[in-house]
Number of protein chains: 2
Amino acid sequence: MDATDLRLLAQLQLDASLTNQALAERVHISPATCLRRVKRLIDAGIIESRVAILSPEKLGAGLTAIVELTLDQQAAERLSAFETRAVADSAVQQCYRVSSGPDFVLILQVADMPAYQAAASRLFATDANVRNVRAFFSVHRAKFSPHISLPAAEQ
Amino acid sequence: MDATDLRLLAQLQLDASLTNQALAERVHISPATCLRRVKRLIDAGIIESRVAILSPEKLGAGLTAIVELTLDQQAAERLSAFETRAVADSAVQQCYRVSSGPDFVLILQVADMPAYQAAASRLFATDANVRNVRAFFSVHRAKFSPHISLPAAEQ
DNA sequence: AGAAGGGCGAAATAAAATTTCACGAAAAAT
DNA sequence: ATTTTTCGTGAAATTTTATTTCGCCCTTCT
């Protein structure tokens, strides 16, 4: 895990559609080395996956809901039970367990308000353990790049 | 934009590392058709990009901050000015403009608390227009798959 | 100093992507 | 109803790319 790996990761989390050759050039290594290193990063679990980022607007799924959830009983197993259900729901794009304020923050990606209502009743209404729900809605996703800021991967 | 396209998108937002041939098989079309359609989806802007999802834990960037921001002056141009700064910051992974409650919700991905403090002073402290900040911290990202739920892309 | 291990790049090989082409189905026009 | 056009499709050829193999160099340990 050296500076070259960091440069590779920086490139790949910006654009994973680069060919191996193009990637090798940008990182100043040979294609063979590039391939070896990328494979190593995948095997190590540092690269978890490669995904396509789609346009919510063009797909009619342009409503993002940010939901803060407080549970009633906060025993570890009750939290895990909810988390399992949330993670399994296809409207749930992100699920964070937070330490101050609410217990969870969810990001839901849905088509419209009816779709949000459906998801909400699936996830919150049927769970007697949900004490409090606070939701915000966004129709404008100004930034979404699932990147991680890496230490000093200059160039 | 038919059922085949939806199947392609469903596959690609789960795993964009599939080869064109493998993708063609899963969607039951020939490689040539598959390539054409994917290219069309890219040109149409429906596929915005392909990115690698990295493991925050393994990279020592495991702190996610969810930040709700209220601005003082909410004229459109003041909101846009802040948005531009937020989007440009590398710690900002997501930026949503919301309609009820706060004005923005940001997702910051940082290494640790000092890194959060640094980002906060860059983004919030130096901006006299930020009235209120409410932040939650997550050390457990239970789900993160930047997918959009697509209508009826069965099979 | 000598041996062993690991990482590197050049070149050869294998695999995949991409283009080209001709066919057939559906829609539009006559 | 029939012709014409348009559009999408898959097979095959071609080009590009990925992947393996090999020998070399540098580092490390004895």
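Hydrogens, waters and symmetry mates are skipped; everything else that's a heavy atom, side chains included, is used. Each chain gets a letter, A, B and so on, in the order its sequence line appears, and its residues count up from 1.
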Next item on the list: Could you check A/Phe136 against B/Tyr96 for ring-ring contact (aromatic ring centres under 6.0 Å, His included), going step by step and ending with a plain yes or no?
Entry: CA-CA 10 Å; A/Phe136 310 128; B/Tyr96 301 96; over 10 Å; no

Item checked: Trace of the side chain to side chain contact (heavy atoms under 4.5 Å, CB included) decision for A/Phe104 with A/Thr70 -> CA-CA 7 Å; A/Phe104 288 95; A/Thr70 307; over 6 Å; no

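The CG atom of A/Leu41 sits 15 Å away from the C1' atom of C/dG7 (whole-angstrom rounding). Rounded to an integer number of Å, the gap from B/Arg40 CZ to C/dT18 P is 16 Å. Rounded to whole Å, the distance from CD1 on B/Ile29 to C1' on C/dA17 is 14 Å. The interatomic distance linking A/Leu18 (CG) with D/dT17 (P) rounds to 12 Å, in whole Å. Look at CD on A/Gln21: it is 12 Å from C1' on D/dT19, rounded to the nearest Å. Protein atom CG of A/Asp2 is 10 Å distant from nucleotide atom P of C/dG7, rounded to whole Å. One can place CE of A/Met1 at 19 Å from C1' of C/dG6, the figure rounded to the nearest angstrom. The distance from atom CG of A/Asn20 to atom C1' of C/dG9 is 13 Å, rounded to the nearest whole Å.
Listed nucleotides D/dT17, D/dG10, C/dT18 differ in distance to B/Ser30; the shortest reach to its side chain belongs to D/dG10. Of the candidates C/dT19, C/dA16, D/dG8, the closest approach to any side-chain atom of B/Leu35 belongs to C/dT19. Distances from the side chain of B/Thr19 to the nucleotides D/dA18, C/dG7, C/dA17 place C/dA17 closest. Here the nucleotide nearest the side chain of A/Thr33, chosen from C/dA17, C/dG9, D/dG10, is C/dG9.
A/Arg36 contributes a side-chain N or O that forms a donor-acceptor pair with the base of C/dG9 under 3.5 Å.
Checking B/Pro31 against A/Ala22, the closest nucleotide of DNA chain D that is more toward the 5' end is the one next to B/Pro31.
Applying salt bridge (Lys or Arg N to Asp or Glu O under 4.0 Å) to B/Asp2 and the options B/Arg37, B/Arg40, B/Arg7 leaves one that passes, B/Arg37.
For the residue pair A/His147 and B/Gln109, no side-chain donor N or O sits within less than 3.5 Å of a side-chain acceptor on the partner.
B/Val105 and A/Val67 fall into different hydrophobic clusters, where Ile, Leu, Val, Met, Phe, Trp and Tyr are joined by side-chain heavy atoms under 4.5 Å apart, directly or via other members.
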